[in-house]
Structure formats: C-alpha cells, structure tokens
Amino acid sequence: MFISSHFDSGNIEVVRAEQADDIRLRIRKDNQSDFFQWFHFKLFSQADVTHRLIIEGANTAAYPDGWKGYQAMASYDREHWFRVDTSYDGENLTIEHTLEQETIYFAYFVPYSYERHLDLLQAAQQSSWVEQEVLGQTLDGRDITVLRVGEPAEGKKVIWLTARQHPGESMAEWFIEGALHRLLDDDDGVARLLLNKAVFYVVPNMNPDGSVRGHLRTNAAGVNLNREWQTPSVEQSPEVYYVRAKMQQTGVDMYLDIHGDEAIPYNFVAGCEGNPSYSKRIETLENAFKTALLQATPEFQTEFGYELDAPGEANLTVASANVGETFDCLAFTVEMPFKDNDGIAHPETGWSDVRSQQFGYDTLAAILAVVDNLR
Ligand SMILES: [Zn+2]
C-alpha cells in the first residue's frame, strides 16, 4: 500500500500507511504560512477492502467548522467525483471507503488542474470575441492571464470576473469555465446581448502558483492575495499588483470575485455595504442583481451568508470591497460551498464541479438583468 501526492495540486503527508483500517495522514501547510485544509492524493491498495484514512489534526486546519457535515470527494477516473463516508470527531477527519479498484484519488474538492487551466485559455481564444493578455509573471514564473471577451467601445460597460485568489477553492475556476462556455456561445441570446452591451475581463485563475503547489489560501510566498488589494507589490503579490493595474486602465463597472466557503453549505454573495462610499445607487444595484440571480437559479439564496459589515467598516484589503470603493461600482464576492447547497442537497456528489459550472452559466443572466443600469 502506498500514497502519492507529487502531482498538480497534490497535498498530503503520510504519517503511516501499513494497515488498511488505520492509515494516518496530515495535511501540509501552505508554503511560509499556517493555512492548510486542501488535500489531494492517490491511494494504491487493494480492491474490495475497506480503508480508513485518518487525517490527524484536522481541528487545527484553517476552518475547523468546514469539517462539520463535510464528506470528502473521491474519483477512480479523475473525471467523475463522488462523496465518500467522512466523519469528524473534533480532532481528526476520518474517511472510510471500500475500494472498488486498486487505486483511487481523494481530494477536498474536485481539482481544477493547471493543464486544464491552460486548455481553457486556448479554447476561449478560438472564439473571435476573445483576446488573451499576459499581465505579468507569478513568483514561480507562471503567467497571470486575463481574457478579454468582446470589443471595447464607447458606452459599453466593463465587467471583471476573477477567480481562485484562494487556490484551494477550485470550484471558482469551474464556475468561470461555465460562465465562459455560455459567454462564448454564439447561439446563446443572453451572451450575444451581453456582448453588445459590455466587454468582459476574465481572470480564470488569480493564483496559479498556489493551485499547482496544493495550497489552500496563499500564493508561493505564503501571501493571502485577498488581503493585498490596498497595497499589492511585485515582490509579494504580483498577481494582484498586475490585475489591479489593468483594472485601472480599463475602469470597472461591475466586478465579481469568485470563491468557495469551507463552512457555510449554501451559495451566497457578500457586497459592499461597509464601504465608505456605499450609496443608495450601489444598494439598489446590489438588490437588483440578487433578485435577478434568485430568478436565474434556485442554487442561489440570500438567507445564509456572512454577517453584514457595519457602515464604513469594510476591509478594503479585500478585492471586492477595494474594487467597489475604487471604481464606485457594483462588486460582490461570490461564495460557493465545499459541502453541499443544503437548500437542494445532492448526497451523491454534494456541491460539485458540474453544479459550479452551471452556477457560472446561470449567473450571466443576472448580469444581463443589471447591465444597463451599472452607470
Ligand atoms: Zn476564498
């Protein structure tokens, strides 16, 4: 029996793997950081035998509440991922599964590989609507790429979508894949009307280094990019530095920053109510977008989410608050669950890659509903 994780977004440390019913594991911390929660590894063992994999010290992970009610994901073919029996005793996370084949992959959520990311960029470029631009390099030397969708023109709104500042939140890039799939479909009325009215700038992966390294939350230098938007630097957070510089060139009329939330089993958005410049105009736009998204998909809801910021108390180091404040525009953090959307639970897969894609696809209809009123 053995376990490997030396691949794209792999993360696990083996304490011991000798007995199928007592495999002991730990999750590696993000480089130069204390954050950890993302895991992704391959188990080679024996079919038809029940395996018990115990992740020790899960209670010291970044979001211990994320383990309550959580079911790990597994796959035999790396295409179809399903949930496996998982329990949390307040200290360790225990995964139990009887192998149907001799090898299996386990992960915190359906991985979105760097190769798939590169494929997505090239697939998008096949559309005449799309231009790729490399804004700069990450600390590990990867490209920071933005896709411009649509032709800039006088009077068109400028809409930015960014995803995966937190690399372990792989559902965010699945969301982008779904959104792009619709936006680049010439036969889709929503997409065609949107592209008449707006130009999109899409960053499918804000943190490719953290993604490949198997990080939960930080870049190669252990920096949480979603706390860098006030004072990004080329040395510590080039990903934010270059994207923000590009935003200053293009201006921003609407911004969605896509994430996953470890603990809350619902899709929700967080707005800019705590921003110093928050106004009736922005409040009206926020409400219109939420109403439209409720109509676009039953996967969205507004009952569960983060506590609202008090007026003037927003954390302006966070992307959505910072962009909303800087450009006086509609800006949201979009959060999807790692567990399930408890409103429409799907026990076999929980929240999944496919549902994340569909959510991204459906979100375009809500953008269309507000696009005329963004300015
Ligand atoms: Zn996040």
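Just so you know, ligand 1 is whichever comes first in the structure, and atom 1 is the first atom listed for that ligand. Just so it is clear, the values below take in all heavy atoms, side chains as well, and ignore hydrogens, waters and symmetry mates.
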Shortest-distance N/O/S atom, Glu169 versus the Zn ion (ligand 1):
OE1
Below 30° counts as parallel, above 60° as perpendicular, anything between as tilted: where do the rings of Phe109 and Phe338 land?
perpendicular
Should the pair Arg142 and Tyr114 be classed as cation-pi, given the thresholds of under 6.0 Å to the six-membered ring centre and 45° from the axis?
yes
Under 4.0 Å between a Lys/Arg side-chain N and an Asp/Glu carboxylate O for Arg24 and Glu56?
yes
How is the N/O/S atom of His259 that comes nearest to the Zn ion (ligand 1) named?
ND1
I'd like the atom name of the N/O/S atom in His166 lying closest to the Zn ion (ligand 1).
ND1
Quickly, which of Asn267, Asp340, Thr349, Thr297 forms a side-chain hydrogen bond (donor to acceptor under 3.5 Å, both in side chains) with Arg355? Name it, please.
Asp340
